[in-house]
Amino acid sequence: MKEKKLLYSKDIIDKRVKALASTISRDLEGREVVLIGVLKGAFIFMADLARYLEIPHTVDFVRLASYGSGSVSSGDITFSKDIETDIEGKAVVIVEDIIDTGASITFLQGKLEERNPGSIKVCALIDKKQRRERTVNADYVGFALDEGFIVGYGLDFDEKFRCLPEIYVIKEGEL
Ligand code: IMP
Ligand code: MG
């Protein structure tokens, strides 16, 4: 078992997600809203966010594959699952678990932009700046984090810990 330290409690996460949903609801009221969740990490965050949104919306998902190994994405990214929704003219909200280097979100924004959506907003539960390589403007951020590898609430380490209700930092030296 990896040693880990509690970072964000269930209650704190819940309050942030509710606040994000209320801001998004206000900003996108009257638009045709599509939430696009990035699998797998965003599945729990998106489920909560979607239920707290106060405006009608549809949901869809992408899954990205990045070549290269290790815990940093190499930047060579493809869709391993694309969305099935026509997003032309619609208000797209990309729902990501965590922005790290910025490679995944930059790829996804570029691909979705080609399909002429009305707008694209980025909603990330965690904005982690330490390893950022691309400039990313996240419109809605749950928590800003300087450093550390985190798990829980959808986030995994080697497919483990996704279903913990809280978010933990894995202690250095354990990775
Ligand atoms: P990026 O392309 O480097 O921004 O990669 C972001 C992806 O890397 C996230 O969607 C996560 O799947 C994964 N990731 C980055 N940092 C962490 C972390 O601290 N915990 C779990 N997954 C992470
Ligand atoms: Mg991810």
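As the structure is a prediction and not an experimental result, all values here were calculated from the model. As the structure lists them, so they are numbered: ligands from 1, and atoms in each ligand from 1.
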Under 4.0 Å between heavy atoms, the region of Ile98 that gets near ligand 1 turns out to be both
Note: heavy atom closest to atom 22 (N) of ligand 1, options Thr106, Val151, Leu155, belongs to Leu155
- prompt: Taking the non-hydrogen atoms of Gly102, is any one of them nearer than 4.0 angstrom to ligand 1?
  reply: yes
**Message:** With a cutoff of 4.0 Å, is Ile105 in contact with ligand 1, counting heavy atoms of the residue only?
**Reply:** no
Of all heavy-atom pairs linking Phe61 and Lys81, the shortest is O-NZ, 3.1 Å
request  = Please determine if Glu3 and Lys171 form a salt bridge, counting it only when a charged side-chain N lies under 4.0 Å from a carboxylate O.
outcome  = yes
Under 4.0 Å from one or more heavy atoms of Lys128, ligand 1 contributes atoms 16 (N), 17 (C), 18 (C), 19 (O)
Is there a nitrogen or oxygen of Arg131 sitting under 3.5 Å from a nitrogen or oxygen of ligand 1?
no
Main-chain N/O of Ile99 paired with Arg132 side-chain donor or acceptor, under 3.5 Å:
yes
Filtering Val136, Thr101, Ile77, Asp156 for the heavy atom nearest atom 3 (O) of ligand 1 leaves Thr101
Counting heavy atoms under 4.0 Å, the part of Val38 that contacts ligand 1 is neither
Under 4.0 Å between heavy atoms, the region of Ile150 that gets near ligand 1 turns out to be both
Near Glu96 (heavy-atom distance under 4.0 Å), the atoms of ligand 1 are 10 (O)
ask   = Should Lys129 and Asp127 count as an ion pair when the cut-off is N to O under 4.0 Å?
value = yes
Between the side chains of Asp11 and Lys15, is the shortest nitrogen-to-carboxylate-oxygen separation below 4.0 Å, so that they form an ion pair? yes
Note to self: Taking the ring of Tyr153 and the ring of Tyr8, is the distance between their centroids below 6.0 Å?
What the structure shows: no
The atoms of ligand 1 lying under 4.0 Å from a heavy atom of Ala103, numbered in the order shown, are 2 (O), 4 (O)
Does Glu29 CD have over 12 foreign heavy atoms under 6.0 Å away?
no
Under a 4.0 Å threshold between the charged nitrogen and the carboxylate oxygen, would Arg131 count as salt-bridged to Glu147? no
